[in-house]
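For this chain, numbers begin at 1 and follow the sequence in order. In each ligand, atom 1 is the first atom listed, and ligand 1 is the first ligand listed.
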Amino acid sequence: MRKTGEEFRSIWQNPADPTVVQIIDQRRLPHEYVVHDLKTWQDGADAISDMLVRGAPLIGATAAWSLYLAANQRSGKSDCRECVLRAAEALGLTRPTAINLKWALDRCRRVIDAASGDSDLVSLLEVEARSICDEDVEISRRIGEHGLKLIEAISASKPGEPVNILTHCNAGALATINYGTATAPVYFAHAKGIDVHVWVDETRPRNQGSQLTAWELAENGVPHTLIVDNAGGHIMQHGLVDICITGTDRTTRTGDVANKIGTYLKALAAHDNSVPFYVALPSTTIDWTISDGIRGIPIEERDPDEVSRIYGRIGDRLETVNTVATNTKIRNFAFDVTPAKFVTGLITEQGICAASEKGLTELFPNMAAQKS
Ligand code: MRU
């Protein structure tokens, strides 16, 4: 069940007990594949904060399922609706950068408003969480189809050679519900028999590249090579990258993109070496209220321990070790913003567009009209 495709989901209801939602504890990959139960909305909030789940679309989906859990917890008590609304407030504070979190909670709040009683609230939130997941799968599939055309064109231009794709962080099936955003075109190309090879950035400090993307690509049989975060510029200078594709946690209406720390430096290197730099995103990641990403997008700062410590396998044991002097001052910026001028194009479920207000508005005229 690890391979992406029809059977894969990063979050699901326990078939034996639908009041329990299950996730993969992503902190433990690639060493262990552990399914973790979410029984309360607080379990969901902790899973988001502690990064058992991560990736903008999956964070949103986990928040939606958490509200279903909250409704189940309080169903039949006089304060059920108020508790669910308080849970929504708390969930909204778990991680600040990915806009999908707010998007999913707002969508659930509309359902909460429409519910006529506790059992209605539970079943409506269950349907909504499931719809958010099903829609995300379809969105990722369509991103894959559109992005595939870019890879096909590069492949046609260098017959007999692999298409080298560089990606940063994990914008894969583990970050969404299935397929991923940045990885979806890669999976589709690989399935079509196109010779693809992925350069996987390690992605310090949490190593989403080495621990998640590399694992995911290996499970799907996609050729890949792990590199340290600072290697991207070097390999671009030597013609070893045909295209960069990353994900995003929040995209302004003008096409600026916030993504995992280090993405901006890859975009600069790509620009200097004329390597196309594409960002793959579901429309749920667009924040139509912001035009200046650098000033407008909140950048999460996380625990310094993530920088000073490394988790891994020593013989048979899994351990976390400290790698820096205890009195070293650390700041742990989790995301950065790549200005639209360095983004060659945005790969969305509606097609590929310029990273600009015009480009996004043409693809999503209704959303642009409603929200800006
Ligand atoms: O801190 P994370 O692991 O949640 O950050 C994830 C990313 O930066 C992803 O690239 C982004 O969410 C896009 S996921 C399709």
Practice prompt. Identify which one of K260, E216, Q208 satisfies the side chain to side chain donor-acceptor pair (under 3.5 Å) criterion when paired with N170.
Written response: E216
Worksheet item: Would K102 and D106 pass as an ion pair if we require N to O under 4.0 Å?
Response: yes
For a distance cut-off of 3.5 Å, show me each N or O of ligand 1 paired with any protein N or O, plus the separation.
residue	atom	partner	partner atom	Å
ligand 1	1 (O)	R95	NH1	3.4
ligand 1	1 (O)	R95	NH2	2.8
ligand 1	1 (O)	K260	NZ	2.7
ligand 1	3 (O)	R54	NE	2.9
ligand 1	3 (O)	R54	NH2	3.2
ligand 1	3 (O)	Q208	NE2	2.8
ligand 1	4 (O)	G55	N	2.9
ligand 1	4 (O)	R95	NH1	2.8
ligand 1	8 (O)	D249	OD1	2.8
ligand 1	8 (O)	N259	OD1	3.0
ligand 1	8 (O)	K260	N	3.3
ligand 1	10 (O)	N259	OD1	2.7
ligand 1	12 (O)	A56	N	2.9
ligand 1	12 (O)	D249	OD1	3.2
ligand 1	12 (O)	D249	OD2	2.9

Discussion item. Among I165, L166, L226, which residue satisfies the side-chain contact (heavy atoms from CB on, under 4.5 Å) criterion with W199?
Written reply: L166
Worksheet item: Do T203 and N207 have a side chain donor and acceptor closer than 3.5 Å?
Response: no
Practice prompt. Begin from the C-alpha positions of R86 and E82 and carry the test salt bridge (Lys or Arg N to Asp or Glu O under 4.0 Å) through to its verdict.
Written response: CA-CA 6 Å; R86 275 203 297 277; E82 287 64 38; over 6 Å; no
Worksheet item: Are Y179 and F188 close enough that their ring centers fall under 6.0 Å?
Response: yes
